[in-house]
Every structure is written in C-alpha cells, then in structure tokens.
2 protein chains.
Amino acid sequence: MAANGRADEVHVEVEARLRHLDQRYTRGRRAIIDLLVSAGRPVSISDVAEGLPDLPLSSAYRHLADLQIAGLVRRVAANDEFARFELAEDLTEHHHHLHCVSCGTVIDFTPSAAFERNVTQTVDKLAETEGFQPHSHRLDVLGLCANCH
Amino acid sequence: MAANGRADEVHVEVEARLRHLDQRYTRGRRAIIDLLVSAGRPVSISDVAEGLPDLPLSSAYRHLADLQIAGLVRRVAANDEFARFELAEDLTEHHHHLHCVSCGTVIDFTPSAAFERNVTQTVDKLAETEGFQPHSHRLDVLGLCANCH
DNA sequence: CTACTTGCAAATGCTTTGCAGGAGA
DNA sequence: TCTCCTGCAAAGCATTTGCAAGTAG
C-alpha cells in the first residue's frame, strides 16, 4: 500500500533532520509522525489522545513542539480554538484546507497548478504594494463537510 | 474624515442589530466597535486592553462574544495562538489578511474582483468534488511586514 | 557514561462564569 | 421597574514546565 511507502520515506527524513539537531527519533515521536501520515489531514490534540491512548498528553505536546521547531510539523489555525497539527509541506505537498464549521474537521485539498500560479502571482503583486514580503500563503475554505449536510 | 463617517454608519447598523436581539448598545460595546473601526485590521485582546485600559478584560471578552453571536464581529485565526477580532464582512467588505510572522501584526488587503472571482469559482468546483459545501473562504499571506524587514 | 527523553504532577495563563450591584428604556 | 449589562473574583481548561527516573548511543 502506498501509505506505507510514504510513511517509510517520511520516517527516514524525520530521523535525519532530528539527528542533525542532536535529537533522537524515539518511539513516541515516531508514533506521532505515523499518526500524522496516516491521518492525511490536520489532527487535533484530542485526535492524538484518541489515536495514541498510551502517550501522555504532556509528551504529545512536547513532541509536537519539538517537531515544529525542527520544521517537520506545522501548527494549523482552525476555526475553533483547538490547535491542530500536520506534517510540514517539505514532507508532503503544498495544499489547502476545507474547514467544516459544524464538526470542526479539517480536510486537505490540492488545487490545480494553474490556480496556484494565479494565487502566487496575485499574492506577490499585492503584497509588494503593501511593503509586505510574502513567504507563503494559505487558503481556507469554510463550509459543511459531507457528513454535516 | 472618512473614518468618522464610516464609524457612524457602523454604529447605526450595530445598534439596530443588537436591538433586534433585545440587546443594548452600551458604552463598553460602543468602545469595542470604535476600536475595531479605527484599527482597520484584526485586533487581539491585548490590543483591546491597551486601547481601552478602563474596560475590564472580562467585559471585553463578553462584548466580543456577544457581538460575534450577533454576527457583527468575527474571530480571526492568526498564526500565533492569540485570538483576534474584526468587524464582520457585512459591516466592511470582503478582504483577506497579511500576517507578519515576525511581530504577529495582521494587515487587511483586498484583491481585485477578477481574482476573487477566480478564487470563488475554483473553491466552488473543488469543494464540490469533495462533497463539501463551501460558505466562504479566507486567504492568508504569511511573511514579513514593512516594519520587520 | 553523558545527553536527550519521558511521565507525573504542579503550575501557567488565557478565557469563561457566578453573582450582586448598576444602568438602559 | 423589569431586563439587560458590568465588575470582581473565582473557576475552567488547554497547554507548559520542573524534576527525577529512563533510555539511546
């Protein structure tokens, strides 16, 4: 199954990057990464608690913080006030999010390259007129997911 | 100055909408709305505390919550974990945000109508293929503001 | 062995709420 | 004068951290 292949590649990359920071790729960290890979969308802390019931919450928070610092995980601002996390785009691909305003679920989606080009161009141009130096962008679509309508 | 004219219109609208919910447009609520109008960009709770030092924080939170329920104020998910608030788009116009990753400031910007049309079309189409019913979208640009580079 | 990790429990800090007094209409 | 609003202090709750024991290399 493709997901396993993907997970393996990710593990290799994560381990290398942690090593570079004199950090170890331990069981707990690996479990978090596995969860993020298999979820394929941003997960909340309660998703982690549910998926990894033996991992103490404090460790989950610490792992996620460490992985963020290492640039391997990204915090996603959802519409509710709960933190969500996903693999950094280096480990996946550029994508955006659909946020269900009813149940809070966040789903990944990847628009066409042409659309992305248009967004990037517009962003670069507009941002320059504001004296703003853009690094990246994110597009969130709010609405109701398939389960909620 | 245009801002005063705007503020007046906004006050009238806010008062009417609160009335409709049997709520009063009191000094504290008015102060919050004034702050949001004059800021012209999303403000954090600490911005409120700074701008309205005599307003107790609990009242600020309560006013913002009430105004949100009334559909007059919108909570903005920033990149940091601090809640920010802005006037709802009914009271302003559709726009997006530039987020400074260095100082956290959020700046409004309005892209061209053509661009918006493209975004809306793409969002509608893509979202449908996911069984997702889109209501609205937001585009955040991350980077460095003029003060931070 | 030495440095990084982890668990637990306690602490932190933003946000919310109960309640009694205050104010708008 | 009835209902909504406000302040204060206390509570809630997601998240963080100190510290001592565990473990990778």
Tell me which nucleotide among [options] gets nearest to the side chain of [X].
{"X": "T26(A)", "options": "dG7(D), dT15(C), dT5(C)", "result": "dT5(C)"}
{"X": "I45(B)", "options": "dT15(C), dT6(D), dT17(D)", "result": "dT15(C)"}
{"X": "R19(B)", "options": "dC8(D), dT5(C), dA25(C)", "result": "dA25(C)"}
{"X": "L55(B)", "options": "dT6(C), dG7(C), dG7(D)", "result": "dG7(D)"}
{"X": "S58(A)", "options": "dC8(C), dT6(D), dT16(C)", "result": "dC8(C)"}

**Request:** May I ask you to test the H63(A)-I33(A) pair for a side-chain heavy-atom distance under 4.5 Å?
**Result:**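 No, their side chains stay 4.5 Å or more apart.
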**Q68(A) CD: over 12 foreign heavy atoms closer than 6.0 Å** = yes
Length of the line joining [X]:[atom1] and [N]:[atom2], which is rounded to integer Å:
{"X": "L18(A)", "N": "dT6(C)", "atom1": "CG", "atom2": "P", "answer": "10 Å"}
{"X": "H63(A)", "N": "dT15(D)", "atom1": "NE2", "atom2": "P", "answer": "16 Å"}
{"X": "L21(B)", "N": "dC5(D)", "atom1": "CG", "atom2": "C1'", "answer": "15 Å"}
{"X": "F82(A)", "N": "dG12(D)", "atom1": "CZ", "atom2": "P", "answer": "17 Å"}

**Request:** Give one of base, sugar-phosphate or nothing for A83(A), where a contact means two heavy atoms less than 4.0 Å apart.
**Result:**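 The answer is sugar-phosphate, as A83(A) gets under 4.0 Å only of primed atoms, P, OP1 or OP2.
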**Request:** Indicate, with a heavy-atom threshold strictly under 4.0 Å, whether D22(B) touches base, sugar-phosphate, or nothing.
**Result:**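 Sugar-phosphate, backbone atoms only, no base.
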**Request:** Could you verify whether a donor N or O on one side chain and an acceptor N or O on the other, from T122(A) and N118(A), lie under 3.5 Å apart?
**Result:**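 There is such a pair between these side chains.
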**Asked** Which class fits the ring pair F109(B) and H96(B): parallel under 30°, tilted 30 to 60°, perpendicular over 60°?
**Response** tilted
**Message:** Ring-plane angle category for H137(B) and H94(B), please: parallel below 30°, perpendicular beyond 60°, tilted otherwise.
**Reply:**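 Rings of H137(B) and H94(B): perpendicular, over 60°.
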**Message:** Heavy-atom nearest nucleotide on DNA chain C for A65(B) versus D54(A): which residue maps closer to 5'?
**Reply:** D54(A)
**Item:** Side-chain donor/acceptor contact of R24(A) with base of dC4(C) under 3.5 Å
**Value:** yes
**Request:** May I ask you to evaluate whether R62(A) reaches the phosphate of dT5(C), defined as a side-chain N or O under 4.0 Å from OP1 or OP2?
**Result:**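 The answer is no; no side-chain N or O of R62(A) sits under 4.0 Å from OP1 or OP2.
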